[in-house]
Amino acid sequence: MKTLIKNSTLVSMNPLKDKIEYNKDILIEDDKIIKIEENINDNVDKIIDASNKVVMPGLINTHAHIPMSVFRETLDGYTLQEWMRQKIWPMEDKLTNDDIYYASYLSFIEMIKTGTTTINDMYFMTDSIIKAMKDTGIRLQTTRTLMNLNSSFDKMDELKELIKNYKDKYENLTFNVGIHGLYTSTSDYLDKCIEFAKESNLPIHMHFCENKEEVEDIKNIQGKNPTDVLKEKFNNHKMILAHCVKLTEEDINKMKDMNISISHCPVSNLKLGCGIAKIKYMQEVGINVTLGTDGQGSGSNLDLFETMKYTALLQKGVTEDPRNLRAYDVLKMATINGAKALGLDNKIGTIEEGKLADIIIIDINDVKIKPVNDLISQIVYNVKGNNVETTIVNGKILMENYKLNNIEEQFIYNECEQIINRIAI
Ligand SMILES: [Zn+2]
């Protein structure tokens, strides 16, 4: 199967190329990008005309809880801990495998329609999440959340089983070891999780220092400062740390030589009243900063264009310097930096010959995007998820000209309404 994208304005995110290239054709064969040139005239099965449109890599969301789509807007008036204990955990106890499938399906539709092609997930009943991934065609990195405190049980065998059953089964599926946090596991159990991550050569995905209460809980349970626990236990293991809101500059300095990526989730952090992570400083000391939405329960939606705008504005505001966090750096966070965090930067994150075809096409014929003085700034500040008109993952066209292929949207919406009607508290 060969697909040719014609006449694009290309923002490839390839550091060796110009930030914006004009009149580029992109030839895709099966799952891969095989040629990027002007005026390609090969025999192909499908031509997509991208004249006056922007072609860029699909966005990469490095922290989410995919089935939490059904908990959208249940948070108003609660703190994080109250919301979890009084609403989320009792509702989650009622979720069935079918519920997880439909709730995940809803999130995957949302991603396809808003230009995100890869997501890093942390939840449970992962088989059903993987089934929805297979049926929608999205790219997924997932796990089975591990913790052993707060009446949770050790699920490491479940994670081992998942990895055994699905390893190398789908090109768009990879795994990591999801440790819920330093405050929901005992010290011995953390050691066991780290050992497993080393044995299986997988990155660790973990919540870290999201709010004040969490930092206090970590000190009480682990007997140390969170950053010291991290340094002593995890050494140089590859990690994706979500949030990191409460880190001081001193903490960040301690972490800068570790093999970590930060998943910055500004919308969720603001909504939960957690504060604002020191992203500018992290970036300055060389930490790989990426973007996440968190679950829609706290993050509202999976639109990473919205996340990019918050990221840029917040850092300019808190540092009182508008020169900080240039638009192109924010775009890197949502693409190639995310790919690096997930260990997939040799496959995705840029549009380059030889990489997998995870590509989105943006229609800039929109009043907010006229006139185009600076296209990169336009993408960060004025493009929204609903300006994405075509989404391609692993060479497959999942949405073309705003129309989803092989997806029954209304049916999924109805199923999700029924789930929340049944389990709502
Ligand atoms: Zn989270």
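Whatever order the structure lists them in is the order used to number ligands and atoms, beginning at 1.
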Parallel, tilted or perpendicular, as decided by the 30° and 60° cut-offs, for the rings of Y183 and H180: tilted
Test ring pair (Phe, Tyr, Trp, His ring centres under 6.0 Å) applied to F108 - qualifying residues, sequence neighbours left out: none
Face-on cation placement of K309 at Y381 ring, 6.0 Å and 45° thresholds: no
Cation-pi check, K19 onto Y328 ring (under 6.0 Å, within 45° of axis): yes
Close side-chain approach of E210 and D294, heavy atoms under 4.5 Å: yes
Any side-chain heavy-atom pair of M125 and D99 under 4.5 Å: no
Proximal protein heteroatoms (N, O or S) of the Zn ion (ligand 1), under 2.8 Å: H63 NE2, H65 NE2, H207 NE2, D294 OD1
